[in-house]
Amino acid sequence: MLENYRSRFVTPEAAAKQAVRSGDWVDYGFGAGFPELMDAALAARKGELKDVHIRGGLVIRPRIEVVERDPEQESFSYYSWHIGDYERKLQKRGLVKFIPTILRYLPELYRNHIRVDAAFVPVSVPDDKGYCGLGISNYAWRTIIEQARTIVFEINEHLPALQGFEGSHRVHISEADFVVEGEHEPLPTRTYRAPSPVDIQIAKHVVSEIPDGAVLSLGVGGVPFTAAQMIANSDLKDLGCHTGTISDAFLTLYRAGKLTNQRKEIDKGLSTWNLAMGSEELYDWIRENPGIFRPSDVDYVHAPERIGRMKNVISINGGVELDLMGQENAESAGSRQLSGTGGQLDFLEGAFRSQGGKGFICLASTHEKKDGTLKSNIVPFIPGGSSVSAPRSMIQYAATEYGVAKLSGLTLRERAEAMISIAHPDFREELARYADENFK
């Protein structure tokens with residue numbers, strides 16, 4: 001079967017030469033899946049091309065060649081949907097442009113609002129029928145492939161070969177205009193710091209709210225990972241996974257026998273996800289057990305309507321600051337972008353629709369400033385310049401080390417009182433004065 005498409009196999013340099021023109025928009029994808037051969041080949045055309053725009057997001061590998069080789073942006077400009085660890089460093093050098101979005105909107109953006117000329121799609125080694133898996137980053141590739149002028153598949157020998165449930169994670173060599181292959185670096189990994197006492201206390205509060213049979217959506221921060229470790233050592237059972245990013249937190253639950261997916265009303269028996277990001281052990285788990293996962297498109301995984309048809313969906317995510325009305329900033333420090341909205345709103349809404357569902361925003365009550373003093377992360381209002389990632393009407397539960405505040409259905413005054421109750425004691429009097437003056 002592959003012999004029928006042998007003419008499409010070219011070198012990365014030949015693909016970059018034929019696929020990209022000056023003025024083009026090129027997509028690299030999202031997360032730990034990254035087209036490193038095509039990135040290097042395109043970067044080699046610096047000076048030859050002009051005004052080429054590259055889109056990506058949540059990059060955790062240490063280098064993007066089109067950026068590093070062209071810091072003057074003579075040929076290439078890089079745009080991110082979601083600032084990752086490496087992109088945060090680029091931001092300090094003025095080498096990344098941030099595009100705000102909610103992840104579930106990406107397919108609609110590509111269909112009706114933005115242009116994509118060339119797509120560099122990382123895929124697994126094809127099987128004998130020419131089918132490839134999308135590895136660890138399904139993203140919105142199906143939609144992008146339908147919309148792009150030129151498709152390049154980059155075969156990465158390290159990517160898991162799973163093709164999903166009923167082809168949910170599968171593409172065929174025939175869909176590519178060009179196919180490239182070669183030696184790749186090991187897949188980029190993400191590690192977790194040891195949990196702090198505050199992480200542990202917040203996680204205790206949240207885990208106490210989780211019932212047997214809950215369907216979990218866990219963010220990738222310290223509190224979700226700490227919560228997973230606690231659940232693994234708890235009496236909870238028959239938990240499910242329907243999450244934007246599957247991580248080592250879910251591997252921990254699986255090894256403890258907690259992750260069965262048997263009570264899910266949708267994708268029963270399967271862990272559902274859009275991206276995978278974590279340790280090499282996580283990738284090995286996915287690689288060796290393809291039959292227990294349903295990786296799928298972002299508009300399948302992140303659809304609030306679908307999430308809401310399952311019972312007891314528990315969404316756990318982190319935030320930067322919350323104000324007394326319940327508005328959340330999850331992604332910026334003033335005007336400096338730290339990450340992105342991502343899928344947080346998708347899963348907050350999905351949990352809200354779910355019978356028995358709960359959406360938690362978790363954060364430490366304070367953080368330490370450069371001068372060593374404490375600043376409250378519960379603030380009177382989200383300050384000017386900072387992002388409002390989730391509106392006050394969307395926040396159901398807020399959790400700090402001082403407890404959990406349930407906000408849904410409360411008045412502005414009641415919300416302020418609930419938020420003050422989980423603020424650091426040193427700041428409660430100041431917050432109460434603001435509430436008395438503004439929420440009469």
Side-chain angles (χ1 to χ4, degrees), residues 103-104 138 164-165 168-169 203 205-221 223-232 234-278 282 285-286 289 291-318 342-362 394 396-397 399 404 406 408:
L103 279 184
R104 75 172 183 268
N138 191 295
F165 180 75
S168 64
H169 201 55
H205 293 312
V206 173
V207 170
S208 69
E209 302 272 351
I210 300 175
D212 287 341
V215 178
L216 302 179
S217 166
L218 302 178
V220 294
V223 170
F225 190 68
T226 305
Q229 292 175 311
M230 287 184 183
I231 295 168
S234 74
D235 294 329
L236 289 170
K237 57 181 181 293
D238 285 336
L239 300 173
C241 166
H242 188 109
T243 193
T245 301
I246 196 166
S247 67
D248 287 83
F250 288 98
L251 176 56
T252 298
L253 297 177
Y254 178 80
R255 285 175 169 169
K258 305 293 184 181
L259 186 65
T260 68
N261 292 296
Q262 288 305 310
R263 298 198 197 179
K264 290 174 68 178
E265 289 80 8
I266 296 173
D267 297 338
K268 184 176 181 178
L270 301 172
S271 289
T272 306
W273 49 271
N274 177 252
L275 306 172
M277 188 179 300
L282 173 75
W285 177 43
I286 293 170
N289 301 276
I292 65 173
F293 301 104
R294 181 184 176 135
S296 200
D297 297 23
V298 69
D299 44 354
Y300 179 93
V301 178
H302 285 243
E305 300 85 355
R306 180 171 291 104
I307 298 167
R309 294 206 300 272
M310 294 180 285
K311 296 177 182 177
N312 296 314
V313 172
I314 305 295
S315 173
I316 304 174
N317 280 287
Q344 192 176 105
L345 275 175
D346 307 336
F347 287 91
L348 283 172
E349 182 178 345
F352 190 87
R353 290 168 177 258
S354 165
Q355 181 181 333
K358 299 175 182 179
F360 293 91
I361 298 300
C362 305
M394 187 63 75
Q396 193 178 0
Y397 291 87
V404 175
K406 187 176 188 297
S408 48

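Just so you know, these numbers use all the heavy atoms, side chains as well, and skip hydrogens, waters and symmetry mates.
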What are the two closest heavy atoms between [X] and [Y], and how far apart are they?
{"X": "S247", "Y": "L282", "result": "O-CD1, 3.4 Å"}
{"X": "S168", "Y": "P295", "result": "OG-O, 2.5 Å"}
{"X": "V215", "Y": "H242", "result": "CG1-CB, 3.7 Å"}
{"X": "G278", "Y": "D248", "result": "CA-OD1, 3.2 Å"}
{"X": "I307", "Y": "S354", "result": "O-CB, 4.4 Å"}
{"X": "I314", "Y": "G356", "result": "CD1-O, 4.5 Å"}

Any chance you could measure [X], atom [atom1], to [Y], atom [atom2], to the nearest 0.5 Å?
{"X": "K358", "Y": "Q396", "atom1": "NZ", "atom2": "CD", "value": "8.5 Å"}
{"X": "N138", "Y": "D297", "atom1": "CG", "atom2": "CG", "value": "4.5 Å"}
{"X": "L345", "Y": "H302", "atom1": "CG", "atom2": "NE2", "value": "11.5 Å"}
{"X": "L218", "Y": "F225", "atom1": "CG", "atom2": "CZ", "value": "10.5 Å"}
{"X": "I316", "Y": "L216", "atom1": "CD1", "atom2": "CG", "value": "6.5 Å"}
{"X": "L270", "Y": "I292", "atom1": "CG", "atom2": "CD1", "value": "8.5 Å"}

Show your working on side chain to side chain contact (heavy atoms under 4.5 Å, CB included) between F360 and E209 and close with a plain yes or no.
CA-CA 10 Å; F360 293 91; E209 302 272 351; 3.6 Å; yes

Any salt bridge linking E349 with R104? Criterion: basic side-chain nitrogen under 4.0 Å from a carboxylate oxygen.
yes

Q355 CD: over 12 foreign heavy atoms closer than 6.0 Å:
no

State whether the number of non-hydrogen atoms from other residues, nucleotides or ligands found under 6.0 Å of K268 atom NZ is greater than 12.
no

Could you walk me through whether Y300 and R294 pass the side chain to side chain contact (heavy atoms under 4.5 Å, CB included) check?
CA-CA 11 Å; Y300 179 93; R294 181 184 176 135; 3.5 Å; yes

Take V301 and L103, measure what side chain to side chain contact (heavy atoms under 4.5 Å, CB included) needs, and give me the verdict at the end.
CA-CA 10 Å; V301 178; L103 279 184; over 6 Å; no

Is the backbone of T252 close enough, under 3.5 Å, to the side chain of Q229 for a donor and an acceptor to pair up by distance?
no

Given side chain to side chain contact (heavy atoms under 4.5 Å, CB included), test F250 with S271 step by step and report yes or no.
CA-CA 9 Å; F250 288 98; S271 289; 5.8 Å; no

Between W285 and Y254, what is the ring plane arrangement, given parallel below 30°, perpendicular above 60°, and tilted in between?
tilted

Taking side chain to side chain contact (heavy atoms under 4.5 Å, CB included) as the criterion, tell me which of D267, T272, I266 meets it with M310.
I266

